[in-house]
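Below is one structure; the comments refer to it alone.
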Amino acid sequence: MNYAVETKNLCRVFKRKRSRKERKQEPTKENQKEVVALDDVNIQVKEGELFGLLGPNGAGKTTLIKILSTLLLPTKGEAWVAGHNVAEDTFNIRMKINSVSGGESSGYGLLTARENVWMFSQFYDVPSKVAKQRADDLFKTFGLYEKRNQKMRTLSTGERQKMGMVRGFITDPDIIFLDEPTLGLDVNASRVIRRFVADWVREHEKKTVLLTTHYMMEAEELCDRVAIIDKGKVLVCDTPENLKKTVRRSSTLRLEIDPLKDYSKFRDIPGIRNFSKKVNPETNRSELVFVIDDEAAVSDILSVVTGEGKRIHELRKTEPTLEDVFVSLVGRALE
Amino acid sequence: MAMIKRHWKTLKTAAWLGWQMESNWTQPFLFAVYSILKPIAATMILVLMYWVVINPGYGGQAENAIMFSFLYVGNAFYIFVGQMLFGIFRVIQGDREWYQTIRNVYIAPISYYVYVVARALTQLVIASIAVVITLLFGVFVLGVQISLAVTDIPLFLTILVIGLVGVSAMGVILGGISFLTAKHMHGMNESVAGIFYLFCGVLFPISMFPVWGQFISRAIPLTYWFEALRRVLAPETLQIPTSLTQIDTGLLMLILLSSTIVLVLVSYFVFKGADYLARRKGVIDMITSY
Amino acid sequence: MNIHLRLNLRAILGRAYPRVIGSLREPSWIFFEILLPVLAIAAYVFIYQALEAPPEFVGFVILGGAMTAFWLNVLWSMAAQLYWEKEIGNLQLYMMAPMSRMSLLGGMAVGGIFGSSIHASATVLIGVLLFKGPALVFPLMLIPIFLVTLIALYGMGMMFASLYLMWGREAWHMASLMEEPIYFVSGFYFPVKALGFWVALSASVIPITLGLDSMRQLLFPSVAAWGLFPVEIELGILVVLAIIFPIMARIALARMENLARRRGGLTLRWQ
Ligand SMILES: Nc1ncnc2c1ncn2[C@@H]1O[C@H](COP(=O)(O)OP(=O)(O)OP(=O)(O)O)[C@@H](O)[C@H]1O
Ligand SMILES: [Mg+2]
């Protein structure tokens, strides 16, 4: 089997320069000098696959993409892209990949959108004519055709982001890394991008996409397989279907209540696999998600809430989603 | 009263911010060296030019100590002009291009005008050091003739302050205009500084210009500033006819003062106007590198 | 055609393009880039005239003023460029692309030379029209001197580019620091030999020093004796510099890239 991407015990540690003030203090957990961004990551992405990396902020998704796109070296372990080692054979990797990240607005403000993507294509040995033709096709796809001859500095943030997508696909890469490609885009634009990416992988047998996101539904809808990553560790990696199966026998209980004084009591209730809580600042209510294996736990949960004399605003039992997989693994909600 | 108080507070905060940013950019030592080295190198170019001309091995011309004093004093005080114009301009451009904080500063409820001026005070401190070093070097190493009579000290300080106010006002005008232009980090500010360098009688008497050139010179308040400074610091340069020589010192001061007041008013309105235009054209936070 | 050759040629043209277009599309910028040296020229010419210097000195000033176009371009648009690119967010895209990093810098140089040549020519033209210099001669030797000087100069810029990449904001100060002090030690406005042999020799590390000195000797034969070395020797030294600097740039760039990949400094936008 040829893997498009493979990592073996991949670790990445960042050394942080501590500020002058921090240096005077004792090192604590927050201001320690080293940040472990990736911790022993092993993933295998097959050729032709649309692979998702799902994780909360700071999980290490971008770091992994940077390593795979040859911008960063691993601290330990190894990684191969298209069969080439990222630390050694950068040229062959770079010829085959491209990468787009959601927040990006790269390029030169003085050039038009079309000129900008043309320029970037020239670094990949794309003949000028071919590049221009592809650019126009892609601009059409992403609904930017009318604005392609506008100077980049007059484009909106979302339009620049779409231009970034054009830039990424204009080189017709074998493997493309998409780092939260729909970040901050409106519903419509997000849908266009998602559909394009899905079609692109489906229509070309050998093209591979590695996509990061923290939108559950994006991962569920698009990806052939998903790796859930948190604090630099890959927790699970499987198809969305299989992942959901792991929580299928259990059920999910969503609860909206007035904030409690003490949530630790839930830990003692048998039958709760894991739970997450967050406070909605607008309503000032606690939103709790329980993944429960045993229906009997429900009454225990409710009695904890009523025991403190708090109101229950909403109570729902739902089908498991990827989000629930995440909660059951990590004990935290994603967003 | 409340308004003055608020401006005062802005002034203090911004001056502090200016210092923080300047000294944070790099090690303070390196920063100081560079702020002082640049003007001194510019001075050395002039010294060498003079030396080459009078050296028998090269130009072989007769020594001209008075002319040398003339250009040396002018050049030393020009450091204020260069550094202040540059400083204010950079505050605006720097915020715009680097930090993209202009959005935040801009919408904050403080007067951006006051903010810009205060941030430039840092530049004034640094420029003063460079000026003093240059003058001391001139007097003790190169033998430039500078003599400040004790009775002239109040006059000298008055001239100095008026001039610096004028220079700051010009910096603000420039900064205002730069709202509307592309990235000229090393274009516009230096060009304007160059115009002053050329036309304000800094290095050579304005009488060397054709009539239209002298007209430009006389329209810039700084011309009178340099003339006045030279009269108190190096009186013997009065032997060089500058075409301003006939104007007596009292009248000279009056011209300097009134033109500076006009300049300050103009700077305020230009700044407001540019500010407004920039907002209307939507270019306030543009980035224009290529 | 060899894929590497083709890729890198495309990359050079690709990166040169925004430079060329940019300098044409922002006319206000051209205005300032030409005005600036003209003002400096005028001021220095008047000083020489006030001191009653021979006409050759006017020629020195015009030549020096014209060459500042290239020097400023190397400083701000070569040496400090990778730092800007990082700030804008382009650097990581460049570093991810397969072309040689040297062709990236090469493209910036080609585009930069294009723009600067326009500026320098305009400066010379204005300078000659405004001020009466000595009679002009144009020996052929001027061409190789000029070309080799540019190669060496931009090669040096490339080397600085990779160093500045790691220095972050200090890059700005360093570039700024290399304006007046270099005009001074490289003798932009007077024969560099006047600084004394050893100072002048040390300053010759900067290619523009000997480039200017040779051009002065060739353009103003009456004062050729004020040159530091004979033109042929200066050309020899310049050729050596034109070979060494690009090689050093290549090494420095590879090192810096590696260091940045190890430390994670290629993508960090706000240091
Ligand atoms: N250059 C760096 N220097 C120091 N620490 C870094 C650097 N880059 C990333 N980190 C740290 O590494 C961890 C992982 O960061 P990473 O950007 O990979 O997260 P992410 O999963 O992409 O998060 P997000 O969803 O917010 O984009 C974070 O704790 C981050 O602070
Ligand atoms: Mg990320």
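These numbers come from the heavy atoms of this one structure, side chains and all, not from hydrogens, waters or symmetry mates. Each chain gets a letter, A, B and so on, in the order its sequence line appears, and its residues count up from 1.
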Worksheet item: Are any non-hydrogen side-chain atoms of R262(C) and T75(A) less than 4.5 angstrom apart?
Response: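 Of all side-chain heavy-atom pairs linking T75(A) with R262(C), none is under 4.5 Å.
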Discussion item. Can you confirm whether L72(A) sits close enough to R263(C) that some side-chain heavy atom of one is under 4.5 Å from a side-chain heavy atom of the other?
Written reply: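 Contact flag for L72(A)/R263(C) side chains = no.
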For [X], is the [atom1] atom crowded, meaning more than 12 foreign heavy atoms sit under 6.0 Å from it?
X: K151(A); atom1: NZ; result: yes
X: R255(C); atom1: CZ; result: no
X: K96(A); atom1: NZ; result: yes

Worksheet entry | Chi angles and distances behind the side chain to side chain contact (heavy atoms under 4.5 Å, CB included) call for R10(C), Y124(A) | CA-CA 8 Å; R10(C) 283 214 168 100; Y124(A) 290 83; over 6 Å; no
Practice prompt. Tell me, for N8(C) versus chain A, whether the close heavy atoms (under 4.5 Å) come from the side chain, the backbone, both or neither.
Written response: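 Contact with chain A involves no heavy atom of N8(C) at all.
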Discussion item. Please classify the contact of L104(C) with chain A as side chain, backbone, both or neither, using a heavy-atom distance under 4.5 Å.
Written reply: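 For L104(C), the contact with chain A is made by the side chain alone.
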Of all the heavy-atom pairs spanning [X] and [Y], show the shortest one and how long it is.
X: N98(A); Y: M96(C); value: OD1-CE, 3.4 Å
X: A97(C); Y: F123(A); value: CB-CB, 3.7 Å
X: L111(A); Y: P18(C); value: CD1-CB, 3.6 Å
X: T70(A); Y: M95(C); value: OG1-O, 4.2 Å
X: Y108(A); Y: R15(C); value: OH-NH2, 3.0 Å

Using non-hydrogen atoms and a 4.5 Å limit, figure out which bit of [X] sits close to chain C: side chain, backbone, both or neither.
X: V126(A); answer: backbone
X: T90(A); answer: side chain
X: F14(A); answer: side chain
X: P74(A); answer: neither
X: I97(A); answer: side chain
X: F120(A); answer: side chain
X: T112(A); answer: both

Fill in: Gap separating the OH atom of Y17(C) from the CG atom of N116(A), nearest 0.5 angstrom
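Answer for the OH-CG pair, Y17(C) versus N116(A), is 9.5 Å.
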Discussion item. To the nearest 0.5 Å, what is the distance between OG on S101(A) and CG on L93(C)?
Written reply: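 It comes to 7.5 Å.
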Fill in: Test side chain to side chain contact (heavy atoms under 4.5 Å, CB included) applied to D125(A) and I3(C), step by step
CA-CA 8 Å; D125(A) 195 31; I3(C) 173 156; 4.0 Å; yes
Discussion item. Between N90(C) (side chain only) and S106(A) (backbone N and O only), is there a donor and an acceptor less than 3.5 Å apart?
Written reply: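 Pair absent, no side-chain N/O of N90(C) close to backbone of S106(A).
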Item to complete: Just do the side chain to side chain contact (heavy atoms under 4.5 Å, CB included) check on I12(C) and Q122(A) with the steps written out, would you?
Response: CA-CA 8 Å; I12(C) 290 175; Q122(A) 295 309 293; over 6 Å; no
